[in-house]
Amino acid sequence: MDICKMYINGEWCESSAGKVRKVTNPSDGNIAGIAAEGSVQDLDRAVEAAEAALESWKKTSTAERAALMLKAADLVDQRIEEIAKAESRANGELLRVCEMDAGTVSAMLRFYAGIIDLPAGSSYNGDPMVTTVTLKEPIGVCGIIVPWNAPIDIASKAIAPALAAGNTVVLKPSSQTPFATALVVECLHEAGFPPGTVNLVLGSGETIGQAMAEHPKINKLNLTGGTETGRDIIRASASNIKKLSLELGGKSAICIFDDADLEAAVENAMYILYSSAGQLCVAGSRLLVQDTVYDRVLEILAEKAPKINVGAADDPEAEMGPVITERQRDRILEYIEIGKQEGARLLTGGKALTGGIFDKGFYIEPTVFADVKNDMRIAQEEIFGPVLVVERFNSEEEAFRMANDSIYGLGAGIYTNDTARGWRFAKEVKAACMWINTYGPSAGFGAPISCVKQSGYSTLMGLACLESYMDTKMVNFMSVDAFQFGWFSQW
Ligand code: TXE
């Protein structure tokens, strides 16, 4: 089996420490691939290459950068199947979901190539002698650290704006999912990005990720990952005050009011959570249900959740796949035990699936807890597995208070036919992305997602994201020769 290599200064290479890591396929327990396990020396080499490439890369025209991005997008489209299979084998995401993720990569490259010229400075003419303008310029070397869920989708949402803005990139995928990311980097290489513009370093978060946070020559670090990892990176980067963009955990609430279409609301909630086996940061993992329809919603969940077709990621009939690792499976099962001990009612699921393919991979039954109180750990902590917690509320005020009673601020949803209530929800609940009578879709890549509370701080998507990969200088021009302030009497 070929070793997935790193890409530093335009060349593919193995780890200078000669180390490799085997990755297990969550669907069947087989080896998904073998990847180089980089050393800090490899990271240093990548940062030096990115720094060296920066001088010329930031002087390229936006037209040159856009042309390379568009070419890379075409190359990704030609390899969609290969990229999707590489991702699905490593993280157990359903293959058709990974195909959508791969499609996002080329879409992101095209989107940012399309808006590459939009960031502009301003001019200020408030003083007859001084003219002030702002200049936008690349930040420098950008470190990008991504998680194992939807890795290429998430990586592309950072790589594309970083490169479009004239930065160079050092990318570190999760050690669980290097393969699809390496194929995307191959497409960037083949498109003709100059050596050092894009670098791929493989390895653990504790070693390579930590070293990126500490590295004085990485000028901006983008993390998508858990909130605890965000804390680690804030601490590790304190020594050099690099710019941080943190997209972290979530425990998003979906409020279902009694005037909603309950079947649609429950189907939406189940889809967004279980289609990724609960491994989607923005998934609505807390269902807040008005007490007048609480029993009916539980009836629907009790009937529908056990019928979800769980299977291997490449099974076209599967509606839910495995969770990422044996360790993560056991962690989720621990949370299920915690839920029982806290007094929540296990409505359905709660066990690891066994028999056939389930004995080889890491599968958990679609699980629903009812009668959950919002101060329970299973309502407050991110489980990141196929576990839905259902809580009841009486009034709108109580529903919105419960939705806000979370350290996270990532997603939030409401199902109601009361338009005014939908607007009150949008204004009163604190979250980065919100949905009214749906959950998940959005009308375009231009809408920015700005994480809040302990879901982090960052601006994902849109022109705001592109500008977040630029520094803004204020430059003042004096329009009078040999200007003096006239402060000193001796003049
Ligand atoms: O995260 P981890 P995972 C979150 C999701 C969940 C987590 C799941 O909510 O909490 O990601 O992904 C590296 N210093 N989001 O388990 O463990 C690690 O190697 C530096 C939110 O992978 O935090 C990996 O590359 N780096 C998101 C990356 O950090 C470190 C959407 C993430 O690892 C490190 C998707 C350290 N100390 C998932 N420790 C959103 N909000 O949009 C680990 N890493």
Side-chain angles (χ1 to χ4, degrees), residues 21 23 26 35 37-38 40 43 87 90-93 97 101 104 143-158 170-178 180-181 200-215 218 221-238 242 244-252 272-273 276-285 323-325 327-329 331-332 335 381-385 406-411 431-433 440 442 448-461 465:
R21 176 193 290 256
V23 175
E37 182 82 356
V40 174
L43 171 69
E87 178 165 309
N91 69 1
E93 266 187 87
V97 173
D101 288 350
T104 302
I144 298 172
I145 300 177
V146 296
W148 43 259
N149 65 313
I152 52 175
D153 169 290
I154 291 172
S156 66
K157 289 171 178 171
V170 177
L171 171 63
K172 189 204 86 71
S174 166
S175 38
Q176 179 74 25
T177 50
T181 307
L200 173 71
V201 180
L202 304 180
S204 73
E206 293 68 27
T207 306
I208 302 301
Q210 174 91 0
M212 289 172 76
E214 293 168 342
H215 205 297
I218 291 182
L221 186 60
N222 183 90
L223 165 79
T224 302
T227 292
E228 281 316 305
T229 304
R231 282 191 240 283
D232 291 342
I233 282 182
I234 292 169
R235 277 189 286 268
S237 63
K242 57 168 59 61
L244 293 179
S245 170
L246 301 174
E247 294 145 26
L248 304 176
K251 190 76 178 186
S252 305
I272 204 69
L273 184 79
S276 61
Q279 299 169 128
L280 179 69
C281 58
V282 74
S285 49
V323 294
I324 183 83
T325 58
R327 185 162 63 92
Q328 185 74 0
R329 180 196 62 194
R331 177 178 168 274
I332 295 160
Y335 265 110
E381 297 172 24
E382 183 181 51
I383 298 173
F384 221 57
S406 170
I407 64 168
Y408 297 109
L410 199 49
C433 26
S442 74
I449 299 173
S450 298
C451 297
V452 294
K453 299 168 75 174
Q454 296 192 36
S455 292
Y457 40 83
S458 71
T459 299
L460 187 63
M461 309 298 283
C465 179

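We count ligands from 1, going down the list as the structure has it; atoms in each ligand are counted the same way.
- Summarising the geometry of Gly440 relative to Ile272, their closest heavy-atom pair is CA-CD1, 4.1 Å, with the distance given to 0.1 Å.
- The distance from the CD atom of Gln210 to the CD1 atom of Ile145 is 9.5 Å, given to the nearest 0.5 Å.
- The nearest heavy-atom contact from the protein to atom 31 (C) of ligand 1 is Cys281 SG, 2.7 Å.
- An N or O contact shorter than 3.5 Å is missing between Leu410 and ligand 1 by distance.
- Any N or O atom pair closer than 3.5 Å counts here, and Ser175 shares no such pair with ligand 1.
- Nearest heavy-atom pair, Ser252 versus Cys281, reported as atom, atom and distance to 0.1 Å: OG-O, 4.4 Å.
- Counting heavy atoms under 4.0 Å from ligand 1, residue Gln176 does not touch it at all.
- Distance CD/Gln176 to CD1/Ile324: 4.0 Å, rounded to 0.5 Å.
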Hey, can you pull the donor-acceptor pairs under 3.5 Å for the side chains in residues 200-208, sequence neighbours left out?
| unit_1 | atom_1 | unit_2 | atom_2 | d |
| --- | --- | --- | --- | --- |
| Ser204 | OG | Thr207 | N | 3.0 |
| Ser204 | OG | Thr207 | OG1 | 3.1 |

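- The heavy-atom pair separating Glu93 from Ala150 by the smallest distance is OE2-N, 2.8 Å.
- The two residues Ala35 and Pro178 make their nearest non-hydrogen contact at CB-CG, 3.6 Å.
- The proximity of Asn149 to ligand 1, defined as any non-hydrogen pair under 4.0 Å, is limited to the side chain.
- Checked against a 3.5 angstrom limit, the closest N/O atoms of Lys172 and ligand 1 fall inside it.
- Considering Ala236, Ser458, Ala211, Gly205 only, the shortest heavy-atom separation from atom 30 (C) of ligand 1 involves Gly205.
- For atom 7 (C) of ligand 1, the nearest protein heavy atom (residue, atom name, distance) is Gly226 N, 3.6 Å.
- Of all heavy-atom pairs spanning Pro147 and Gly225, the tightest one is CB-CA, 4.5 Å.
- For the pair Ser455 and ligand 1, the shortest N or O to N or O distance does not fall below 3.5 Å.
- For the atom pair CG (Leu221) and CD1 (Ile233), the distance works out to 5.0 Å, reported to the nearest 0.5 Å.
- By the criterion of a heavy-atom distance under 4.0 Å, the side chain of Asp232, and not its backbone, is placed next to ligand 1.
- Numbered from 1 in the order shown, with element, the atoms of ligand 1 that lie under 4.0 Å from a heavy atom of Gly209 read 14 (N), 20 (C), 26 (N).
- Below 3.5 Å of separation, one finds no N or O of Ile154 facing any N or O of ligand 1.
- For ligand 1, the atoms closer than 4.0 angstrom to any heavy atom of Gly249 are 9 (O).
- Looking at Leu248 against ligand 1, only its backbone comes within 4.0 Å, counting heavy atoms.
- Atom CG of Leu223 sits about 10.5 Å away from atom OG of Ser237, to the nearest 0.5 Å.
- Counting protein heavy atoms only, atom 8 (C) of ligand 1 is closest to Phe384 CE2, 3.6 Å.
- Which parts of ligand 1 touch Gln210 is read off a 4.0 Å heavy-atom cut-off, strictly below it: atoms 14 (N), 20 (C), 37 (N).
- Here Tyr408 pairs with nothing under the ring pair (Phe, Tyr, Trp, His ring centres under 6.0 Å) rule; sequence neighbours left out.
- Not a single N or O atom of Ile233, backbone or side chain, sits closer than 3.5 Å to an N or O atom of ligand 1.
- Of the polar atoms of Val146, at least one N or O is found under 3.5 Å from an N or O of ligand 1, judged by distance alone.
- Nearest protein neighbour of atom 10 (O) of ligand 1, counting heavy atoms only, is Glu382 OE1, 2.6 Å.
- The distance from the CG atom of Leu460 to the CD atom of Glu247 is 4.5 Å, given to the nearest 0.5 Å.
- Residue Thr224 has no nitrogen or oxygen atom sitting less than 3.5 Å from a nitrogen or oxygen atom of ligand 1, judged on distance alone.
- For atom 23 (O) of ligand 1, the closest non-hydrogen atom of the protein is Thr229 OG1, 2.6 Å.
- Atoms of ligand 1 lying under 4.0 Å from at least one heavy atom of Pro147, given by number and element, are 3 (P), 11 (O), 12 (O), 22 (O), 32 (C), 35 (C), 38 (C).
- Of the possible polar contacts, none joining the Asp101 side chain to the Ile152 backbone as a donor-acceptor pair under 3.5 Å is found.
- The shortest contact between atom 22 (O) of ligand 1 and any protein heavy atom is with Trp148 CD1, 3.0 Å.
- Set against the non-hydrogen atoms of Glu247, the atoms of ligand 1 under 4.0 Å away are 21 (C), 27 (C), 40 (C), 41 (N), 42 (O).
- Taken from CD in Gln279 to CG in Leu273, the straight-line distance is 10.0 Å, to the nearest 0.5 Å.
- What you find for Gly249 and Glu382 is that their closest heavy atoms are CA-OE2, 3.5 Å.
- Listed by atom number, the atoms of ligand 1 under 4.0 Å from Ile145 heavy atoms are 13 (C), 25 (O), 26 (N), 28 (C), 29 (O).
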